[in-house]
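To find a chain, count down the sequence lines: A is the first, B the second, and so on, and within it residues start at 1.
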There are 2 protein chains.
Amino acid sequence: MERFLSSAINKVDKKGRVSIPAVFRPALKGGSTLYATLSVDQPAVEAGGPELLEVNEKRLAAMDSFSPEYEYFSLLVHGDMNIMNIDGEGRVILSDAIREHTGITNQVAFVGRGHFFQIWEPERFQAYREEARAKVAEMRRALSAGNGQGKDTGT
Amino acid sequence: MERFLSSAINKVDKKGRVSIPAVFRPALKGGSTLYATLSVDQPAVEAGGPELLEVNEKRLAAMDSFSPEYEYFSLLVHGDMNIMNIDGEGRVILSDAIREHTGITNQVAFVGRGHFFQIWEPERFQAYREEARAKVAEMRRALSAGNGQGKDTGT
DNA sequence: TGGGATAGCTTGGGCGTCAATGGAAAATCA
DNA sequence: TGATTTTCCATTGACGCCCAAGCTATCCCA
């Protein structure tokens, strides 16, 4: 599999290690390094292989390197980047910054997002997921009120 | 690693020495000299190997050589350059000028910026980091409002 | 179709190595 | 010679690497 699909919850051991779900590892193509950034609008972390870094650097390359936007974005892409080594058993150690940002203590939710995956504190993820559902339901009601079609779309 | 990525906080000892984070040393390619300039618009220092000189000279070359900006920047790049020796344990001593400009007392934040890295007083860095996160979140919202796409950071 | 065997995923722990830090000895300068 | 800097050595704690065990899902065969 080349993409990150499905989700899983794993435990953090005494040494602070967590197994990356086995279903995600093929998408990392055997690399032993994980690149991760703290999401700017959620208590989550977005992680993936080196492509994650390359993608962001391409974006930077397309920006005016003297603009304040470049400055801010580069800080997040380079300075705020978390680099994690994957051990022989497919585990990583979460940095203090990650634990602080996500609220993770002894359990981690891994959520596939296609070309990257997210790391959440399980309860917060659950809350976010329900919020997302509620939002979608609300949007659908608004749409149906507007055009009179309202019937379910099957999904 | 050829680039400076991630960040770390290290202590200053009684003699004024600080360890350069081990993850940055490969990017210095074993050189024992650190070149550093005081950042113009932040209470930070920008440091790196000899290439940093070249980079700054390229920047100069891109500027109008009769402009006052050129004059000042040239002075900063050449005259205000701090040269630091890296000792056997990978430590450097911060000059008075650097301590004054950054406000550093007994802790130093090292922040990767790609082809160079920054040195900050940790609390000031934290404030700047949050500012950057807020600004990037704002940029992203502006973008999504414009094209209707979400906050997907992956691609 | 049921049950046992098997392989692989997750988790736990031991141990050696290296990074970060502190301090002493040696060298340099005024 | 006193003071300050540079080099060298020691300590501590974190991290990487290795091995082991429990669990689960899958596969195979009767």
Side-chain angles (χ1 to χ4, degrees), chain A residues 1 4-36 47 49 81-100 104-112 117 119-122 125, chain B residues 1 4-36 47 82-99 104-112 117-122 125:
Chain A
M1 181 191 24
F4 299 100
L5 296 174
S6 83
S7 63
I9 294 177
N10 285 342
K11 290 180 188 172
V12 180
D13 68 18
K14 295 169 196 164
K15 294 166 114 179
R17 297 174 301 187
V18 211
S19 285
I20 297 171
V23 284
F24 285 3
R25 292 179 209 161
L28 293 170
K29 292 158 189 156
S32 63
T33 312
L34 203 64
Y35 296 84
M81 179 69 69
N82 286 263
I83 295 167
M84 296 183 270
N85 291 338
I86 305 178
D87 74 14
E89 282 71 44
R91 293 175 288 195
V92 292
I93 299 186
L94 303 180
S95 68
D96 290 346
I98 289 179
R99 275 195 292 271
E100 214 172 284
I104 287 171
T105 56
N106 47 29
Q107 282 200 316
V108 179
F110 292 84
V111 183
F117 64 90
I119 295 174
W120 287 78
E121 192 285 318
F125 173 62
Chain B
M1 187 196 4
F4 297 100
L5 293 174
S6 84
S7 64
I9 293 177
N10 285 342
K11 291 179 187 170
V12 180
D13 68 16
K14 296 167 195 167
K15 296 168 153 184
R17 297 175 299 187
V18 211
S19 286
I20 297 171
V23 285
F24 285 3
R25 290 179 209 161
L28 293 170
K29 291 156 189 159
S32 62
T33 312
L34 204 62
Y35 298 86
N82 285 265
I83 295 168
M84 296 183 269
N85 288 343
I86 305 177
D87 74 14
E89 280 71 44
R91 292 178 286 197
V92 291
I93 297 184
L94 304 179
S95 69
D96 290 346
I98 289 178
R99 273 196 293 271
I104 286 170
T105 56
N106 48 28
Q107 282 200 314
V108 179
F110 291 84
V111 183
F117 65 90
Q118 290 185 320
I119 294 174
W120 287 77
E121 191 284 318
F125 172 62

When A:Lys14 and B:Val12 are each assigned the nearest nucleotide of DNA chain C, the 5'-most assignment goes to A:Lys14
Rounded to whole Å, CG of A:Leu94 lies from P of D:dG16 at a distance of 12 Å
Separation between CZ (A:Phe117) and CG (A:Leu34), nearest 0.5 Å, reads 4.5 Å
To the nearest angstrom, the CG-P distance between A:Asn106 and C:dT10 comes to 18 Å
The reported gap from CD in B:Glu121 to CG in B:Asn106 (rounded to nearest 0.5 angstrom) is 8.5 Å
Base, sugar-phosphate or nothing for B:Asp13? Non-hydrogen atoms, less than 4.0 Å. sugar-phosphate
Rounded to whole Å, the CG-P distance (A:Asp87 to C:dT10) equals 12 Å
One should read off an interatomic distance between B:Arg91 CZ and B:Asn10 CG, to the nearest 0.5 angstrom, of 11.0 Å
Distance col, row B:Ser7:OG vs B:Phe125:CZ, nearest 0.5 angstrom, shows 5.0 Å
Rounded to whole Å, the CZ-P distance (A:Arg91 to D:dC19) equals 14 Å
Exercise for the section: Determine whether A:Met84 and A:Ile98 make a side-chain contact, defined as any pair of heavy atoms from C-beta on separated by less than 4.5 Å. Expected result: yes
Only one of A:Ile93, A:Val108, A:Asp13 passes side-chain contact (heavy atoms from CB on, under 4.5 Å) with A:Val18, and that residue is A:Val108
d(B:Phe24 CZ, B:Ser6 OG) to nearest 0.5 Å is 5.0 Å
Output for pair (B:Ile86 CD1, B:Ile20 CD1), nearest 0.5 Å, gives 4.0 Å
N/O-N/O pairs, protein side and nucleotides 18-20 of chain C side, under 3.5 Å:
from, atom 1, to, atom 2, distance (Å)
C:dA20, OP1, B:Ala22, N, 3.3
C:dA20, OP2, B:Ala22, N, 3.2
C:dA20, OP2, B:Arg25, NH2, 2.7

What's touching nucleotides 1-6 of chain D from the protein side, N or O pairs under 3.5 Å?
from, atom 1, to, atom 2, distance (Å)
D:dT6, O4, B:Lys15, NZ, 3.0

